[in-house]
Amino acid sequence: MTRIAFHLAPALMLAYGVVRLIDGRDGQHGPGPAWTVGHLLFLGSLLLYGAVIAGLWRRMPVAEGGRARRITAGALTAVAAVGLVTFIRVAIIDIVVGLRAADAAEKSALSDRYADVPAVLPQAFYEIGPVLFMVGLTALLVQYAVVGPRRGAAAASPVLVVLAFVVITADLDLLPAGAALIWLALFPHTREQSRPVPAHRTAKAPAAA
């Protein structure tokens, strides 16, 4: 499942970007079927990114300097996961708003009404939360590029992800291009990689005299 997620998460994100472009041909985005379908694709993509960040954590080498690496990877995974949860919240609210709104004006009003839902954290956190996902994912890729078994192949991954986020932030209409860059960034990680076995477990027994 994790290997599929490395492909399917950016693929669904790319599909969402294409549907969004189709939805915006009349000069506005939603409400309507295209808005709902697009955000369902986006929600599926975000859920699969959860498997991606978990997969990166699982693939992190532990045989050498394992404790410090695992603590660092765990902290970065937690940051990415918190950001991802806030991103998922945005997608769910957008789906609900799109289903309830009759026109663009009502969609805008409902979006404002649900801006701080659930009201358990400051609205500012919900606004900046998705950035944590971007930072956490990028940092995990940087760590893997430094200590991973495929350092050469993975070296470009964090650069491609940063470029993707810059492109998407600059213009949401470039979301398909950004998703394609993320797909390329994750491609070196699509091969299943088991954790290295600690050295004390791999030591061979002394040969019999």
Side-chain angles (χ1 to χ4, degrees), residues 1-21 37-64 66 69-92 129-169 172 174-197:
M1 176 60 187
T2 300
R3 183 178 180 181
I4 296 174
F6 276 83
H7 287 295
L8 201 53
L12 289 180
M13 190 177 186
L14 191 154
Y16 163 56
V18 173
V19 173
R20 184 181 180 278
L21 288 175
V37 170
H39 281 81
L40 286 172
L41 289 170
F42 186 44
L43 177 60
S45 171
L46 293 175
L47 292 173
L48 287 167
Y49 275 118
V52 169
I53 60 177
L56 288 172
W57 175 82
R58 184 174 62 83
R59 286 164 164 76
M60 206 66 68
V62 297
E64 301 174 3
R69 289 180 182 175
R70 298 305 293 172
I71 291 174
T72 301
L76 296 177
T77 301
V79 169
V82 169
L84 187 58
V85 168
T86 64
F87 234 144
I88 290 171
R89 167 194 168 272
V90 171
I92 292 174
V131 176
L132 297 178
F133 166 67
M134 302 178 193
V135 171
L137 176 60
T138 303
L140 276 171
L141 291 172
V142 169
Q143 184 182 9
Y144 192 92
V146 172
V147 304
R150 302 187 183 95
R151 300 180 188 181
S157 294
V159 177
L160 289 171
V161 165
V162 169
L163 181 58
F165 289 145
V166 169
V167 166
I168 294 170
T169 302
L172 279 176
L174 297 176
L175 185 56
L181 288 172
I182 294 175
W183 202 342
L184 288 174
L186 296 181
F187 185 78
H189 307 276
T190 56
R191 296 180 181 178
E192 290 293 345
Q193 175 69 35
S194 58
R195 294 181 185 178
V197 180

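Remember, it's a predicted structure, so these values are computed and weren't measured experimentally.
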Between Thr77 and Leu56, is a side chain to side chain contact (heavy atoms under 4.5 Å, CB included) present by the stated rule, with each step listed?
-> CA-CA 8 Å; Thr77 301; Leu56 288 172; over 6 Å; no
Shortest non-hydrogen contact between Ala185 and Val161, atoms and distance | CB-CG2, 3.5 Å
Would you mind reporting whether His189 and Leu140 have side-chain heavy atoms less than 4.5 Å apart?
-> no
Identify the heavy atoms of Ala164 and Ile182 that sit nearest to each other, and give their distance.
-> CB-CG1, 3.5 Å
To the nearest 0.5 Å, how far apart are CG in Leu14 and CG in Leu8?
-> 11.5 Å
Does Leu41 offer a backbone N or O that forms a donor-acceptor pair with the side chain of Ser45 under 3.5 Å?
-> no
Compare every heavy atom of Leu48 with every heavy atom of Ala5, then report the nearest pair and how far apart it is.
-> CB-O, 3.7 Å
Could you pull out all residues at least two apart from Phe133 that satisfy ring pair (Phe, Tyr, Trp, His ring centres under 6.0 Å)?
-> Tyr49
Measure across Val52 and Ala9 and return the closest heavy-atom pair with its distance rounded to 0.1 Å.
-> CG2-CB, 4.2 Å
Please round to the nearest 0.5 Å and tell me the distance separating atom CG of Leu160 and atom OG1 of Thr138.
-> 11.0 Å
Report the distance from atom CD1 of Ile92 to atom NE2 of His39, rounding to the nearest 0.5 Å.
-> 12.0 Å
Heavy atoms of Pro176 and Leu21 approach each other most closely as CG-CD1, 4.1 Å
For the atom pair CG (Leu47) and CG (Leu12), what is the distance rounded to the nearest 0.5 Å?
-> 10.0 Å
Ring pair (Phe, Tyr, Trp, His ring centres under 6.0 Å) filter on Phe87, not counting sequence neighbours, yields Phe42
From Phe6 atom CZ to Thr190 atom OG1, the distance as rounded to the nearest 0.5 Å | 8.5 Å
Between Ala179 and Ile168 the two heavy atoms that sit nearest each other are N-CD1, 4.5 Å
Any donor and acceptor pair, going by atom type alone, linking the side chain of Thr86 with main-chain N or O of Gly83 inside 3.5 Å?
-> yes
Under the 3.5 angstrom rule, does the side chain of Arg70 hit a backbone N or O of Trp57 as a donor-acceptor pair?
-> yes
